[in-house]
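I have placed the structure first, in the form of structure tokens, so that the comments after it can refer back to it.
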Protein chains: 2
Amino acid sequence: MLSDRQLLILQVIIDDFIRSAQPVGSRSLSKKDGIQYSSATIRNEMSDLEEMGFLEKTHTSSGRVPSEKGYRFYVDHLLSPQKLQQQDISLIHSIFADRIYEMERIVQRSAKILSELTNYTSIILGPNSQQNRVKKLQVVPLHDDTAIAIIVTDTGHVENRRFSLPKGTNADELEKMVRLLNDQLVGVPLMDLQDHIYKEIAILLRRHIANYDLMLQAFAEIMNIPVYDKLFFGGKMNMMNQPEFSDIDKLRLLMDMIETEESLYPLIRPAQGVGIQVKIGKENDNIAMENCSLITATFPIAGGQKGSLAILGPTRMEYSRVISLLNVLSMDLSKALSSLYFQSKDES
Amino acid sequence: MLSDRQLLILQVIIDDFIRSAQPVGSRSLSKKDGIQYSSATIRNEMSDLEEMGFLEKTHTSSGRVPSEKGYRFYVDHLLSPQKLQQQDISLIHSIFADRIYEMERIVQRSAKILSELTNYTSIILGPNSQQNRVKKLQVVPLHDDTAIAIIVTDTGHVENRRFSLPKGTNADELEKMVRLLNDQLVGVPLMDLQDHIYKEIAILLRRHIANYDLMLQAFAEIMNIPVYDKLFFGGKMNMMNQPEFSDIDKLRLLMDMIETEESLYPLIRPAQGVGIQVKIGKENDNIAMENCSLITATFPIAGGQKGSLAILGPTRMEYSRVISLLNVLSMDLSKALSSLYFQSKDES
DNA sequence: TGTTAGCACTCTATTTGAACGAGTGCTAAT
DNA sequence: ATTAGCACTCGTTCAAATAGAGTGCTAACA
């Protein structure tokens, strides 16, 4: 469909625009190394490329700017995988240099480094804790009528919640209850807790515990684990540096979206499978993301889980570099988080 | 020092500027209700007020703008406590409408509502968890060589940390160790944990536990509780709406400061005592806060603790309204958090 | 003596027009 | 098929002109 020359020109235009953020004109193109055509020839090709929808003009006599279709083609067909600098790679590896035992810390550091390496905004979503299984349930009474319930999962994730004890609960009964719950719930994925509570547990409790209904209600509330996991961000403010967001209204729109995390989940959540996914501009289906691209890397974690790494940047983003970085980091993260989780997996 | 007329004029100028963000001229002032002086008279008074340092001009022939000294005087002497709308008050009370058992949830909701009510940024710092006392220490083994340590405080605060067990630790010994630690540490404030570990505990352990040194080290690491508590924010992006931050560079400076929480602690941390404190512009001693004021409300929580509520806005902020709102909310929060903590206090 | 009207002056913001430059599209020559 | 050349378009920059808001000062007034 496209001639070699058109491919070349399209590629150079996009590369140039990504660097400069300025519309690219035929004359400046013709002076580039590797281009031996005259500006007139280039103009003709540009005109054709525009007609095909790969390029746009900002006004009648301006240089050309890639369209979303242009970026899409660029990402799908023209991207030459960029070789990362050794420096960058070792910076990524440095995240895992010292043995860390907290998933949160690893992920937080990853997000930070990734944003510093790209100057874009990074978003990381860890493994879905809903699939983790209960390892242990504990209750620490604080006072006559309140207590803290703590659920530890096989992955080392800890959820805790304060709840009120039904009046006149005595310590023995509470302990008995906790033992009962542990017997029933250990090994159950968090997402199934509610079900279990209302089915198996309810029946059992009725038999063994005095005022079982209030107790049940209290525990049911506790087991209501949030569906969404925490998102980790790096460089939240980096988009302010991008010229496309020098307009404060556009900036606000985007920032507000970033702050309301709910709207981000559908964008970040691994669709299916693993690997890199690039969503350009309107492909994200979100007004605030008009001028943004989102590159998501989904990676496997031991035990059938998945994690997701994302970079949010302007459509004019360094796709090649970002994809390379994501590849490296997602492999590292996959390994690191798996080993963190594996330990709990192989003892079952 | 200042005549009644000067006081009136200063007050009206500041009130007007707070609303409009525009320099106030003599003519527009003279046409205001409650002002019966001619523009010429007002000009003379303005000139005097400027000479005294309460007003400034943005350029030679512009209207007047309050100086920081002007705001300071306004806050100290001219502020008429604003009567809040019933609607606002009930919105604040609504935070506490249903019984909530999590400090985090209450505080997060407070921050959100406060920012919505003011259109500024709200920052809340809960009670200092360093002063909380250990209620219970628990260890949940995950695997042969890793375990989760959980510390529950008397206030219901839960800290958890993953750590690696020394090779060949057996379950009995671990349990023994945990029992020992509990005996020694229950009732100790978090801030003193490190001390205790290295003094009392070390000696004790050497007597009872096999490879006590590795174990000790592991626990010492665990007990290293962060000094700073989490800050809760509301309306982080609200400063974008303020005309003084239409300049994207100023905005970035401020936002970067907000994001690096460490720099905020010294500003928010209750100096001493309780009550409202207003810091205007340079009084905050921070370049990024040049055009900002910070109003802090420190309130008591049962057990000698303190919490802090802060509003970050432009120096041109609605001091009166914000102070009123902070007064109401800080009283509510004081009550709510105290009752959350009181329960654990009165059983000791 | 305090207040005010009037006026000259200053500075900003906005508009206008001219000049420039970067770019395009088209045509004709190579 | 390619390219040189030219007319044309549009955005940007600069300076000058203008309008408007505001000040400071002086002189008149009550």
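Computation of the quantities below employed the complete heavy-atom set of this structure, encompassing side-chain atoms and omitting hydrogens, waters and symmetry-equivalent molecules. So you know, we letter chains A, B, ... as the sequences are listed, proteins then strands, and number each from 1. All figures in this text were calculated on a predicted structure; none of them were measured in a lab.
The nearest whole Å value for the distance from the CG atom in D48(B) to the P atom in dT3(C) is 12 Å. Atom CD in E45(B) sits about 10 Å away from atom C1' in dG2(C), given to the nearest Å. Rounded to an integer number of Å, the gap from Y37(B) OH to dG2(C) C1' is 12 Å. Atoms CD1 (I35(A)) and C1' (dT3(D)) sit 16 Å apart, rounded to a whole Å. Rounded to whole Å, the distance from CG on D16(B) to P on dG22(D) is 10 Å.
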N/O to N/O distances under 3.5 Å, protein versus nucleotides 28-30 of chain D:
none

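Put simply, the side chain of S320(B) gets close to the backbone of Q82(B): a donor and an acceptor are under 3.5 Å apart. Checked by atom type and distance alone, the side chain of S308(A) never pairs as donor or acceptor with a backbone atom of R269(A) at under 3.5 Å.
Heavy-atom contacts from other residues, nucleotides or ligands closer than 6.0 Å to CG of D4(A) number 12 or fewer.
With respect to E290(B) and K250(B), no salt bridge is recorded, no charged nitrogen being found less than 4.0 Å from a carboxylate O. Salt bridge absent: E56(B) and R64(B) never bring a charged side-chain N and a carboxylate O closer than 4.0 Å. A salt bridge links R72(A) to D76(A): at least one charged side-chain nitrogen sits closer than 4.0 Å to a carboxylate oxygen. Salt-bridge annotation for E45(A) and R5(A): present, with a side-chain N of the basic residue lying under 4.0 Å from a carboxylate O of the acidic one.
Residues I124(B) and L231(B) have side chains not in contact (no heavy-atom distance under 4.5 Å, counting atoms from C-beta outward). For the pair D88(B) and R321(B), the minimum side-chain heavy-atom distance is below 4.5 Å. Between L312(B) and L267(B) the shortest side-chain heavy-atom distance does not fall below 4.5 Å.
Between R5(B) and dT3(C) there is a side-chain polar atom (N or O) within less than 4.0 angstrom of OP1 or OP2.
Inter-axis angle, ends of the helix from dT1(C)-dA30(D) to dT30(C)-dA1(D), five pairs per end, rounded to 10 degrees: 20°.
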> Can you give one letter per nucleotide of nucleotides 21-30 of chain C, 5' to 3': B if a protein heavy atom sits under 4.0 Å from the base, S if only from the sugar-phosphate, - if neither?
Replying inline: --BBBB----
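The salt bridge (Lys or Arg N to Asp or Glu O under 4.0 Å) test with E68(B) singles out one residue from K279(B), R316(B), K282(B), and that residue is K282(B).
Toward the 5′ end of DNA chain C lies the nearest nucleotide of T41(B), the other residue of the pair T41(B) and H59(B) mapping further downstream.
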